[in-house]
Amino acid sequence: MNVVLFTEVMSPYVSGISSYVEVLRKGLSKLGHKVMIVTSSLHVSKTVIKNGVIRCPAKESSNKYGYECKNVRDESVMRLLAQFVPDVVHIQTDTRIGYLGLNAADRFRCPVVFTVHDYYLDRFAGESKPVWQFKTYFEKKHFCDMIDNANIITSSNSRASEFVRDAGRNRRVMLIPNGTDKSRFDYRKCGKEAVAKIRRRLSLPEDALVALFAGDLSIDKNLEFVLSAFSRKLTRADKIHLLIVGGGTELSYLRELCKKLHISDRVHFSGVISHNIMPQVYSACDVYVCSSDDGLMSMSFVEAMSCGLPVLVRRDEDGHVDSMITHNVNGFIYKTRNDFAEYLKNVAALPDDKKAKMRFIVRNSIENSDAEYMAKNTANAYRQAMKAFNINIDIH
């Protein structure tokens with residue numbers, strides 16, 4: 001079938017969504033499907049197409065990406081898609097590019113699949129109450145517009161069902177675990193010399209345990225929690241450092257916070273790193289950290305595990321993370337800053353042979369997390385969406 005993926009951000013922008021789209025395109029193409037991507041860019045003045053990616057002019061925005069599509073009724077996009085003849089529209093965001101996707105689905109009379117990647121209410125956490133209420137009113141509307149017009153809703157985590165219910169909608173969410181290119185994200189392909197080179201390049205001490213976070217630096221990632229844990233519960237003597245990879249709206253704030261907490265010598269900001277060298281970056285680190293209260297299972301989460309990194313993830317009352325993380329086997333589920341710090345210390349204290357064994361166990365624990373497996377499940381969602389669309393019903 002002919003599939004069009006609508007995503008506000010795409011490589012070289014580094015985020016879970018851009019990684020997800022790349023992996024999904026690869027998996028679908030391997031299965032014999034044709035894939036077109038529609039995205040936005042600040043670096044084009046008119047709509048352009050190259051290598052199956054349509055890039056629309058974007059404008060700066062206060063959303064989590066920092067920009068968004070200018071024209072949700074871009075006729076240049078419609079003319080290009082008319083040549084492609086889409087069978088299904090798959091929308092990854094409720095920003096303006098999502099509305100362009102809805103317009104395309106209406107124009108070409110094809111079904112819509114909407115994937116929930118984050119929780120709209122968390123995008124403005126920390127704002128004053130009036131500002132939060134004002135901004136989230138519109139965010140909720142956008143989120144609901146995507147849900148109401150989708151024939152099928154998918155997500156990588158069952159928590160998305162709560163997000164949909166909290167938005168006032170009673171819709172079923174089809175669970176499709178995130179996958180990655182396991183042939184690329186494999187620590188065994190990154191030797192000791194390559195690890196040492198990456199550590200030198202990123203100014204990471206050779207003898208330190210390095211915890212990693214990679215992704216969009218937005219407020220919903222709750223990295224303040226991680227930084228406060230480093231400040232309160234870990235000392236220089238512990239030889240534990242934190243590497244933060246990515247850019248975003250919170251980058252400047254987080255840098256300043258590190259200075260105030262006097263941990264700048266132990267927290268390293270790399271900025272955006274090309275996705276092509278991320279396998280080496282993961283392999284040069286020891287643990288992956290997640291601190292979001294409501295974020296879904298990110299692509300970097302899966303990529304890190306594919307490279308053998310145990311994951312530190314916050315406990316949630318409903319136990320959604322338990323489906324992927326087995327505590328003290330392929331990761332650690334923490335509740336407090338003290339727990340977070342103690343688990344890092346425990347990993348740091350392991351002898352090299354035990355660390356190597358843990359990497360092996362972690363990678364093997366995500367057996368069904370490759371691109372083709374994710375694509376097969378997503379293609380099934382497309383078929384269900386086409387069925388629902390053709391008989392004019394929503395699948396709840």
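Throughout, numbering of the chain's residues begins at 1 and tracks the sequence.
At a threshold of 4.5 Å between non-hydrogen side-chain atoms, the residues Cys258 and Leu227 count as touching. Annotation: side chain of Val23 is not in contact with side chain of Phe185 (no heavy-atom distance under 4.5 Å). For the pair Met1 and Met386, the minimum side-chain heavy-atom distance is below 4.5 Å. Between Asp87 and Val3, every side-chain heavy-atom pair lies at or beyond the 4.5 Å cut-off. With contacts defined as side-chain heavy-atom distances shorter than 4.5 Å, the pair Val173/Val116 does not qualify. Contact annotation: the side chain of Val53 approaches that of Arg25 to within less than 4.5 Å [non-hydrogen atoms, C-beta and beyond]. Glu75 has its side chain out of reach of Thr47: every pair of non-hydrogen atoms, C-beta onward, lies at least 4.5 Å apart. Side-chain atoms of Arg172 and Val164, non-hydrogen and from C-beta on, never get closer than 4.5 Å to each other.
With Ile91 as the partner, the side chain to side chain contact (heavy atoms under 4.5 Å, CB included) test is satisfied by one option alone out of Thr115, Leu102, Val113: Leu102.
Seen from the ring of Phe230, Arg266 does not count as a face-on cation partner, given the 6.0 Å and 45° thresholds.
Between Glu8 and Thr95, the side chains place a donor N or O and an acceptor N or O closer than 3.5 Å (distance only, hydrogens not considered). Between the side chains of Ser300 and Tyr288, at least one donor-acceptor pair of N or O atoms lies under 3.5 Å. A side-chain donor-acceptor contact under 3.5 Å links Ser183 and Asp181. Donor-acceptor pairing under 3.5 Å is recorded for the side chains of Arg363 and Ser306. Between Asn178 and Tyr20, the side chains place no donor N or O within less than 3.5 Å of an acceptor N or O (distance only, hydrogens not considered).
Under the side chain to side chain donor-acceptor pair (under 3.5 Å) criterion, the residue pairs touching residues 201-213 are Asp207-Lys239, with sequence neighbours excluded. Residue pairs that meet the side chain to side chain donor-acceptor pair (under 3.5 Å) test with at least one member in residues 224-237, sequence neighbours left out, are Glu224-Tyr253, Ser228-Arg337, Thr235-Asp238, Arg236-Asp265.
Under the salt bridge (Lys or Arg N to Asp or Glu O under 4.0 Å) criterion, Lys182 pairs with no residue at all, not counting sequence neighbours.
Contact record, Met299 with Gly179: CE-O, 2.9 Å, taken as the closest heavy-atom pair. Contact detail for Met174 and Ala381: the closest heavy-atom pair is SD-CB, 3.5 Å. Closest of all the heavy-atom pairs between Ala348 and Lys355 is O-NZ, 3.6 Å. Taking every heavy atom of both residues into account, Ser11 and Ser18 meet most closely at N-CB, 3.9 Å. Nearest heavy-atom pair, His117 versus Ile17, reported as atom, atom and distance to 0.1 Å: CG-CG1, 3.7 Å.
Heavy-atom contacts from other residues, nucleotides or ligands closer than 6.0 Å to NZ of Lys34 number 12 or fewer. In Lys376, the NZ atom is not crowded: 12 or fewer heavy atoms of neighbouring residues, nucleotides or ligands sit closer than 6.0 Å.
The distance between the ring centers of Tyr343 and His327 falls below 6.0 angstrom.
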Any chance you could lay out the side-chain contact (heavy atoms from CB on, under 4.5 Å) test for Met305 and Val302, step after step, and finish with the verdict? CA-CA 5 Å; Met305 293 185 73; Val302 181; 5.8 Å; no
Go through the steps to decide whether Leu81 and Phe108 satisfy the test side-chain contact (heavy atoms from CB on, under 4.5 Å), and finish with yes or no. CA-CA 9 Å; Leu81 291 181; Phe108 300 106; 3.6 Å; yes
Applying salt bridge (Lys or Arg N to Asp or Glu O under 4.0 Å) to Lys141 and Asp145, what does each step give before you reach the verdict? CA-CA 6 Å; Lys141 180 184 182 303; Asp145 283 346; 3.1 Å; yes
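When atom types are taken as modelled, the side chain of Asn330 and the backbone of Ile325 share no donor-acceptor pair closer than 3.5 angstrom. The main-chain N or O of Thr7 is found under 3.5 Å from a side-chain atom of Thr39 such that the two form a donor-acceptor pair. A donor-acceptor distance shorter than 3.5 angstrom exists from the side chain of Asn2 to the backbone of Phe84, with no hydrogens or angles considered. Judged purely by atom type and a 3.5 angstrom limit, Ser291 uses its side chain to pair as donor or acceptor with the backbone of Lys221. No side-chain donor-acceptor contact under 3.5 Å links Arg171 to the backbone of Ile153. Looking only at distances, no side-chain donor or acceptor of Asn377 sits under 3.5 Å from a matching main-chain atom of Pro177. The backbone N or O of Cys290 lies less than 3.5 Å from no partner atom in the side chain of Arg314, so there is not a single donor-acceptor pair. Side-chain atoms of Arg96 come within 3.5 Å of backbone atoms of Cys69 as a donor-acceptor pair (strictly under, hydrogens ignored). In this structure, Asp339 contributes its side chain and Thr336 its backbone to a donor-acceptor pair below 3.5 Å.
A parallel orientation is assigned to the rings of Phe225 and Tyr334, their planes being inclined by less than 30° (bins at 30° and 60°).
Taking hydrophobic clusters as Ile, Leu, Val, Met, Phe, Trp and Tyr residues chained together by side-chain heavy-atom distances below 4.5 Å, Phe6 shares a cluster with Ile49.
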